[in-house]
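Atoms considered below: every heavy atom in the structure, side chains included; atoms not considered: hydrogens, waters and symmetry mates.
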Amino acid sequence: MGFLLSWSDYVLDLDLKTCIMGVLNVTPDSFSDGGQYLETHTAIERGITMAGEGADIIDVGGESTRPYSRKITAKEELDRVVPVIEGLREELAIPISIDTCKAEVAREALRAGASMINDISALRFDPDMASIAAEAEVPVILMHMKGMPETMQQNPTYGDLIPEILDFLEDAIERSVSAGIKRDLIIVDPGIGFGKTFDHNLKIIKALSRFAALERPVLLGTSNKAFIGHILGKEVYERDTGTMATIAYGVINGAHIIRVHHVRKAVETVRMIEAIRRGRV
């Protein structure tokens, strides 16, 4: 099923190509790149670099959501992300996404130039988030997570993994539509690493084609995650090869958007998979 995301000044034709979302963590403690882009000018430079490497979206986050991470205030988060979004907006023509669960942060990020909302809580943690997204008429990414970031990896269990995630996301879609968010602007994310064991992550990637039943674009975020390190025996900075393998399998199985730290390699991986699958060069 083809999808065309059209809003404001942007169009993403997800039937024409798999889109690459570059991860830009303006945090001291994110699992993969915490501290590398905490300074505003460094973060802006990194975003510009990722766009030059072929990113279709830059996803800016100011609060780590790795397992057992600590919460921060909205002010702390805003102080980190708003100057970066403002700087990127002046330099880039591609969409900027704000990765947050806080309505206040989303609202100010949109004012600063962001044009998408990536909410790992699927709009559950802040009751005002849905109305902000609906009023702004921007794409919203709804992610499945079992538990909270500080507790999600404490023995996550499921009766039937894929149906439970599908049910959660279907409910999240309906809640969003009821709140006034356009169905055509909703993206779903099965939440690799968020309340899942290593085996759960593998099963989700293998069964990703089943998420087509939701009739919404699917985002896959496997980049550098612990299950890759566990399988390959690699530290977080050594997981590029494993990440690209998961991306290739994900694209073959129906991923429409790939969220990744190392954009250039992901762009090349996706281009090869699409050339094989679609016959396009």
Side-chain angles (χ1 to χ4, degrees), residues 12 19-38 40 43-44 46-47 50-51 55-67 69-89 92 94-126 128-130 132-133 136 138-145 148-150 152 172 176 185-194 217 219-225 257-261 263:
L12 294 177
C19 285
I20 305 296
M21 172 182 274
V23 180
L24 184 55
N25 289 321
V26 192
T27 62
D29 55 346
S30 289
F31 82 95
S32 182
D33 54 2
Q36 291 187 41
Y37 309 112
L38 190 56
T40 297
I44 292 171
R46 177 59 184 159
M50 288 194 290
D56 301 287
I57 306 163
I58 304 297
D59 192 37
V60 179
E63 180 176 37
S64 174
T65 52
R66 65 183 176 86
S69 56
R70 75 173 186 91
K71 293 182 178 296
I72 64 172
T73 66
K75 183 181 185 306
E76 286 179 277
E77 199 172 338
L78 285 167
D79 287 346
R80 293 173 182 177
V81 301
V82 165
V84 174
I85 292 169
E86 289 175 340
L88 290 175
R89 183 71 286 134
L92 303 181
I94 62 175
I96 300 166
S97 169
I98 177 62
D99 179 0
T100 187
C101 298
K102 300 182 181 72
E104 180 182 352
V105 174
R107 181 176 59 248
E108 296 305 319
L110 292 171
R111 288 175 178 169
S115 55
M116 299 178 68
I117 297 173
N118 181 10
D119 186 347
I120 64 166
S121 81
L123 312 182
R124 293 177 298 141
F125 291 175
D126 191 322
D128 295 328
M129 184 69 90
I132 287 172
V138 296
V140 178
I141 301 165
L142 306 175
M143 193 192 79
H144 174 273
M145 174 170 54
M148 305 282 284
E150 57 268 34
M152 63 187 180
S176 300
L185 292 177
I186 294 173
I187 300 159
V188 296
D189 178 351
I192 296 291
F194 286 82
L219 182 148
L220 183 67
T222 59
S223 186
N224 295 355
K225 290 192 174 177
I257 302 173
I258 298 296
R259 187 177 183 273
V260 67
H261 296 84
V263 168

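Every residue two or more places apart in sequence or in another chain that forms a salt bridge (Lys or Arg N to Asp or Glu O under 4.0 Å) with Asp79 is listed here: Lys75. In this structure, the side-chain contact (heavy atoms from CB on, under 4.5 Å) partners of Leu185, at least two apart in sequence or on a different chain, are Trp7, Pro139, Lys182. Arg259 pairs by the salt bridge (Lys or Arg N to Asp or Glu O under 4.0 Å) definition with Asp59, Asp99, not counting sequence neighbours. Taking the side-chain contact (heavy atoms from CB on, under 4.5 Å) definition, one finds that Leu78 meets it with Val82, Glu104, Val105, Glu108, sequence neighbours left out. Every residue meeting the salt bridge (Lys or Arg N to Asp or Glu O under 4.0 Å) condition with Asp56, not counting sequence neighbours, appears here in chain and number order: Lys17. When the side-chain contact (heavy atoms from CB on, under 4.5 Å) test is applied to Asp119, the partners found at least two apart in sequence or on another chain are Cys101, Ile117, Ser121, Leu123, Met129.
Between the CD1 atom in Ile98 and the CD1 atom in Ile85 there is a gap of 4.0 Å [rounded to 0.5 Å]. Rounding to the nearest 0.5 Å places CZ of Arg46 at 11.0 Å from CG of Asn25. In this structure, CG in Leu219 is found 5.0 Å from CG in Asp189, a value given to the nearest 0.5 Å. Considering CG of Asp128 and CZ of Arg107, their distance stands at 7.5 Å, rounded to 0.5 Å. To the nearest 0.5 angstrom, Arg111 atom CZ is 12.0 Å from Glu86 atom CD. From Ile96, atom CD1 reaches atom CG of Leu110 across 11.0 Å, with rounding to the nearest 0.5 Å.
Of the candidates Thr100, Leu88, Asn118, Leu88 is the only one forming a side chain to side chain contact (heavy atoms under 4.5 Å, CB included) with Val60.
Minimum interatomic distance between His144 and Phe194 (heavy atoms only, all atoms of both residues): O-CB, 4.0 Å. Closest approach of Ala43 and Val26 over heavy atoms only: CB-CG2, 4.2 Å. The two residues Ile57 and Ser97 make their nearest non-hydrogen contact at CG2-CB, 4.0 Å. Across Ile72 and Glu76, no two heavy atoms sit closer than the pair CB-OE1, 3.4 Å. The shortest heavy-atom contact between Ile94 and Arg89 is O-NH2, 3.2 Å. Nearest heavy-atom pair, Ser115 versus Val138, reported as atom, atom and distance to 0.1 Å: O-CB, 3.3 Å.
Contact annotation: the side chain of Ile187 approaches that of Met116 to within less than 4.5 Å [non-hydrogen atoms, C-beta and beyond]. Val140 is not listed as a side-chain neighbour of Ser176, based on a closest heavy-atom distance of 4.5 Å or more.
With Thr27 contributing its side chain and Ser64 its backbone, the two residues share no donor-acceptor pair below 3.5 Å. Here the side chain of Glu63 pairs no donor or acceptor atom with the backbone of Glu77 at under 3.5 angstrom.
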